[in-house]
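In what follows, chains are A, B, ... by sequence order, proteins preceding strands, each numbered from 1. All values below come from the heavy atoms of this structure, side chains included, with hydrogens, waters and symmetry mates left out.
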There are 2 protein chains.
Amino acid sequence: MDKSLYACDSCQHKLCAGRVSLFTSLDTDQLLQVIKLIVHKEYKKGELLLFEGEVRNDLVIVNKGQVKAFRNTIDGREQILYIFSEGDFFGEKNLLRDQPSNYAVEALEETHVCIIHKNDFQKLVKEYPDIGLKVMEVLCQRLDRLENAVETMGTRTVGARVSSVLLEFADKFGKQSPQGIIIDLPLSREGIANYIGLTRETVSRKMSSMQDQGLIEMIGNKKVLLLNRTALEKSIE
Amino acid sequence: MDKSLYACDSCQHKLCAGRVSLFTSLDTDQLLQVIKLIVHKEYKKGELLLFEGEVRNDLVIVNKGQVKAFRNTIDGREQILYIFSEGDFFGEKNLLRDQPSNYAVEALEETHVCIIHKNDFQKLVKEYPDIGLKVMEVLCQRLDRLENAVETMGTRTVGARVSSVLLEFADKFGKQSPQGIIIDLPLSREGIANYIGLTRETVSRKMSSMQDQGLIEMIGNKKVLLLNRTALEKSIE
DNA sequence: CGGGCACTTGATAGTAATCAAGTCCGGTGG
DNA sequence: CCACCGGACTTGATTACTATCAAGTGCCCG
């Protein structure tokens with residue numbers, strides 16, 4: 001994939017908005033109209049796109065890069081709720097009423113976003129009801145993911161938690177290769193731990209033992225090769 | 001509150017649908033139109049309204065009673081995801097596409113529901129866009145609840161988990177009284193445990209210790225008196 | 001080549017699950 | 001009205017597991 005195609009420079013002229021599932025129902029002219037409403041912004045790794053509790057009145061669409069949405073918990077941990085990648089959006093609650101955000105959002109790498117004001121977006125939804133349906137669809141997907149997460153977090157065995165996050169990342173970030181699925185991990189060990197409510201040491205230990213069992217193979221710290229997907233799925237039980 | 005007002009008998013003639021937040025934007029004539037589309041159904045305690053994995057094509061609105069939505073996890077537990085009470089609905093995913101349900105739904109007590117077919121509901125949404133917005137709003141609330149749940153389940157201390165569920169139930173089912181907030185527990189100890197990923201013994205122990213600390217007072221097994229809400233909130237930290 | 005940071009590995013302690021008795025309460029039948 | 005029964009809840013003892021604390025180790029980048 002040539003990332004440069006998605007750079008914000010080309011956005012302004014090509015139809016970057018068309019790549020976002022929200023707007024797939026629109027034709028070229030309509031997309032051009034949408035693009036006029038969009039403000040672009042770029043963030044470096046580690047920069048905050050949104051503070052926990054901040055009140056905003058726009059919708060943010062990730063156009064390039066990755067961000068994490070997280071909360072600082074009362075017991076001093078960081079609970080990661082979502083990883084948003086290209087095409088994902090956040091701030092949808094702002095469309096309904098002005099509410100403080102439940103989570104902070106931080107760039108995991110160089111990230112470019114498209115920002116659209118609540119009023120403009122609401123007009124779009126009224127004009128093109130399909131966009132509203134798309135939003136609803138994404139919200140339902142997000143519910144699915146959180147329902148799974150609640151189940152995972154309630155699971156008492158560490159193995160099941162780590163397996164489920166690897167399988168989730170395999171679906172979202174994995175690439176098929178001759179040996180198996182290669183996963184580009186969006187998070188560090190500590191990040192993974194904060195995603196599933198464990199400590200980094202426990203995640204580290206479990207991944208090592210999975211490697212010993214021949215289920216996965218670690219390639220540096222940022223990649224994992226999933227050798228035997230079905231065995232990993234079974235190991236959850 | 002006189003429950004008989006909400007019985008399905010009167011539904012057919014009075015405007016039961018008007019009590020549901022989904023339809024608050026409609027006037028009397030419109031409500032009558034909606035009511036024509038509704039099928040009523042009743043369930044006894046313990047009966048299943050929906051099986052895990054079942055594919056349905058309608059939206060179910062709880063008109064009286066309470067139900068739990070839950071999944072049977074791979075490690076043999078039951079993970080409760082939601083408690084739906086009067087005015088809540090489920091099956092919203094069916095509005096978009098036919099998907100198997102993520103969870104089973106079981107009546108916690110005698111429960112009456114209103115069922116509306118997907119096609120009819122879609123027509124309603126097109127005719128009265130406010131209904132679509134309401135659905136979106138409820139989905140966002142559900143996301144809020146699950147985001148909190150994920151944080152809670154990631155919390156390492158048992159006290160925080162039990163406190164958070166009591167506070168949640170206090171908001172949803174609590175009644176103000178001179179001594180404090182009286183909570184009608186929708187779930188047994190085991191049910192609470194399955195809601196927050198603990199065992200019934202642990203929940204029992206923690207509630208006993210909270211009683212010893214003067215934070216709560218148990219009234220039989222079905223009610224809890226919340227003596228000191230702010231102290232309970234603080235005890236989470 | 002060196003420094004720093006993320007990760008791994010080891011030892012220990014604390015906590016919740018598990019296993020196992022009891023106890024309480026509501027309901028039922030005499 | 002009371003005695004009994006069963007299910008839900010409580011409490012206790014033990015075990016297993018993961019967090020925590022503490023050293024290392026390896027890798028990436030200047």
Report the distance from atom [atom1] of [X] to atom [atom2] of [N], rounded to the nearest whole Å.
X	N	atom1	atom2	value
A:Met153	C:dA16	CE	P	16 Å
A:Lys223	C:dC7	NZ	P	15 Å
B:Lys206	D:dT10	NZ	P	14 Å
B:Met207	D:dT11	CE	P	11 Å
A:Asp75	D:dT18	CG	P	18 Å
A:Leu108	C:dA6	CG	P	14 Å
B:Lys222	C:dG26	NZ	P	10 Å
A:Ile196	D:dT18	CD1	C1'	13 Å

Salt bridge (Lys or Arg N to Asp or Glu O under 4.0 Å) partners of [X], counting only residues at least two apart:
X	value
A:Arg189	none
B:Glu201	none
A:Glu54	none
A:Glu168	A:Arg145

Produce the list of close N/O pairs, under 3.5 Å, pairing protein atoms with atoms of nucleotides 10-15 of chain C; give distances to one decimal.
| from | atom 1 | to | atom 2 | distance (Å) |
| --- | --- | --- | --- | --- |
| C:dG10 | N7 | A:Arg205 | NH1 | 2.9 |
| C:dG10 | O6 | A:Arg205 | NH2 | 3.4 |

Could I get a table of every N or O pair under 3.5 Å where one atom is in the protein and the other is in nucleotides 22-25 of chain C?
none

**Message:** Can you tell me if B:Thr199 touches the phosphate of C:dA16, counting only side-chain N or O atoms and a distance under 4.0 Å to OP1 or OP2?
**Reply:** no
**D:dT11 phosphate, OP1 or OP2, under 4.0 Å from B:Ser208 side-chain N/O** = yes
**Message:** Under the ring pair (Phe, Tyr, Trp, His ring centres under 6.0 Å) definition, can you give me all pairs with a residue in residues 175-213 of chain A, not counting sequence neighbours?
**Reply:** A:Phe169-A:Tyr195
**Complete:** Residues pairing under ring pair (Phe, Tyr, Trp, His ring centres under 6.0 Å) where one sits in residues 138-160 of chain A, two or more places apart or in two chains, turn out to be none
**B:Asn194 backbone acceptor or donor facing B:Gln79 side chain under 3.5 Å** = yes
**Message:** With a 4.0 Å cut-off on N to O distance, would you call A:Lys68 and A:Glu78 a salt bridge?
**Reply:** yes
**Request:** List for me each residue that meets side-chain hydrogen bond (donor to acceptor under 3.5 Å, both in side chains) alongside A:Lys223, sequence neighbours excluded, and say none if there are none.
**Result:** A:Asp184
**Message:** Angle between the end axes of the helix from C:dC1-D:dG30 to C:dG30-D:dC1, five pairs per end, to the nearest 10 degrees?
**Reply:** 40°
**Message:** Starting the side chain at C-beta, find the nucleotide from C:dA17, C:dA6, D:dT10 nearest to B:Ser204.
**Reply:** D:dT10
**Asked** With B:Asp88, which residues qualify under side-chain contact (heavy atoms from CB on, under 4.5 Å), at least two apart?
**Response** B:Phe84, B:Ser85, B:Lys172
Listing, residues 209-218 of chain A side-chain donor-acceptor contacts under 3.5 Å, not counting sequence neighbours, or none:
| from | atom 1 | to | atom 2 | distance (Å) |
| --- | --- | --- | --- | --- |
| A:Ser209 | OG | A:Lys206 | O | 3.0 |
| A:Gln211 | OE1 | A:Met218 | N | 2.8 |
| A:Gln213 | NE2 | A:Ser209 | O | 3.3 |

